[in-house]
Amino acid sequence: MKKKILILVCLLAVLLAGADVGTVQVNAAVRNRITGTKRKGYVYVDRTGTVVKAGEIRQAVDFVLKNSSRKNKTRQRLRQCYDALVKFSYFHMGTEVPTARNIKSCARYMFTRKRGSCYYYAAAMAYIARVLGYDSRVAVGGVTARGPYVQLSPHGWCEVRIGSRWLICDCSMQRAHSDQNLFLVSEIRYPFRMRRDKTYAMTVKKGRVIWK
């Protein structure tokens, strides 16, 4: 009897704390942003109020804290992080287009090695935008900056939702064309010929990151 009562008390404590098994919930007022302190550490909290523990999310949080100022507005911080990511080295990783399952590993590689192909830039940028509170996704297809008669090369880029619009953040093409502005540009205003084949959306809910 005592054992049953103890089990019920434990279950009640979990319910009162508002925590699911395997997740950590914080103050209800904290949603979809980075929170914490220097002493205790910083984390990203999703829209359900749950701390996201995924490795690539933690790496994105660290990147944002290192490369942007907390005194700035969110969009300014996004630009600071974009500029910092563009400085990472381009490294040819083959032409195989990543699937939704591969995007996490692409981001982790980019944050760790500080180099990668267009797909790796796109994946890392999507996570950076996410922890700053923006909806983000990765698009894959083809691109060329060599005129209308040149064959498109395999390409991937990040897109960030600003208000009701999805805007392009193309880090790898920015590296090659520093005279252009490829930060938060619409597809219509994108200066190069582009083809979209597939778009992978990121969903973060109850502490889980899902790509599909």
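Not measured: the values here are computed from a predicted model. Sequential numbering from 1 along the given sequence is applied to the chain's residues.
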**Student:** Would you check, one step at a time, whether the test side chain to side chain donor-acceptor pair (under 3.5 Å) holds for Asn72 with Arg79?
**Tutor:** CA-CA 10 Å; Asn72 289 340; Arg79 180 61 197 244; over 6 Å; no
**Student:** How about Arg165: does its CZ atom have over 12 heavy atoms from other parts shown lying under 6.0 Å from it?
**Tutor:** no
**Student:** With the threshold set at 4.0 Å, does a side-chain nitrogen-carboxylate oxygen contact exist between Asp197 and Arg195?
**Tutor:** yes
**Student:** Would you say the side chain of Cys169 lies within less than 4.5 Å of the side chain of Glu159, judging by non-hydrogen atoms?
**Tutor:** no
**Student:** So, do Tyr190 and Phe192 have ring centers that fall under 6.0 Å from each other?
**Tutor:** yes
**Student:** Verify whether one side chain among Arg130 and Asn32 offers a donor that lies under 3.5 Å from an acceptor in the other.
**Tutor:** yes
**Student:** Is it possible for you to say whether Leu65 and Phe88 belong to one hydrophobic cluster, with membership spreading through side-chain heavy-atom contacts below 4.5 Å?
**Tutor:** yes
**Student:** Look only at the side chain of Arg193 and the backbone of Ala145, and say whether a donor-acceptor pair between them is shorter than 3.5 Å.
**Tutor:** no
**Student:** With distance as the sole test, does Arg31 use its side chain to make a donor-acceptor pair with the main-chain N or O of Arg47 at under 3.5 Å?
**Tutor:** yes
**Student:** Is it the case that the side chains of Thr112 and Gln59 hold a donor-acceptor pair, with the cut-off being a distance below 3.5 Å and no angle test?
**Tutor:** yes
**Student:** For residues 104-125, pull every pair meeting salt bridge (Lys or Arg N to Asp or Glu O under 4.0 Å), keeping only residues two or more places apart or in separate chains.
**Tutor:** Glu56-Arg108
**Student:** Would you tell me whether Tyr121 and Gln174 have side-chain atoms, one donor and one acceptor, within less than 3.5 Å of each other?
**Tutor:** no
**Student:** Should the ring pair Phe111 and Phe63 be called parallel, tilted or perpendicular, given that the plane angle runs from 0 to 90° and is split at 30 and 60?
**Tutor:** tilted
**Student:** Donor-acceptor pair, distance only, cut-off 3.5 Å: does the side chain of Gln76 make one with the backbone of Lys73?
**Tutor:** yes
**Student:** Is it the case that Tyr119 and Asn102 place a side-chain donor and acceptor less than 3.5 Å from each other?
**Tutor:** no
**Student:** Going by atom type alone, with no hydrogens or angles, which donor-acceptor pairs under 3.5 Å involve a side-chain atom of residues 89-98 and a protein atom two or more places apart or on another chain?
**Tutor:**
none

**Student:** So how far is it from Arg175 CZ to Leu182 CG, rounded to the nearest 0.5 Å?
**Tutor:** 13.0 Å
**Student:** Should the pair Arg208-Asp46 be classified as a salt bridge under the 4.0 Å nitrogen-to-oxygen rule?
**Tutor:** no
**Student:** Can you list every side-chain hydrogen bond (donor to acceptor under 3.5 Å, both in side chains) pair that touches residues 140-155, not counting sequence neighbours?
**Tutor:** His155-Asp170
**Student:** Okay, side chain of Ser136, backbone of Ala126: is any donor-acceptor separation there less than 3.5 Å?
**Tutor:** yes
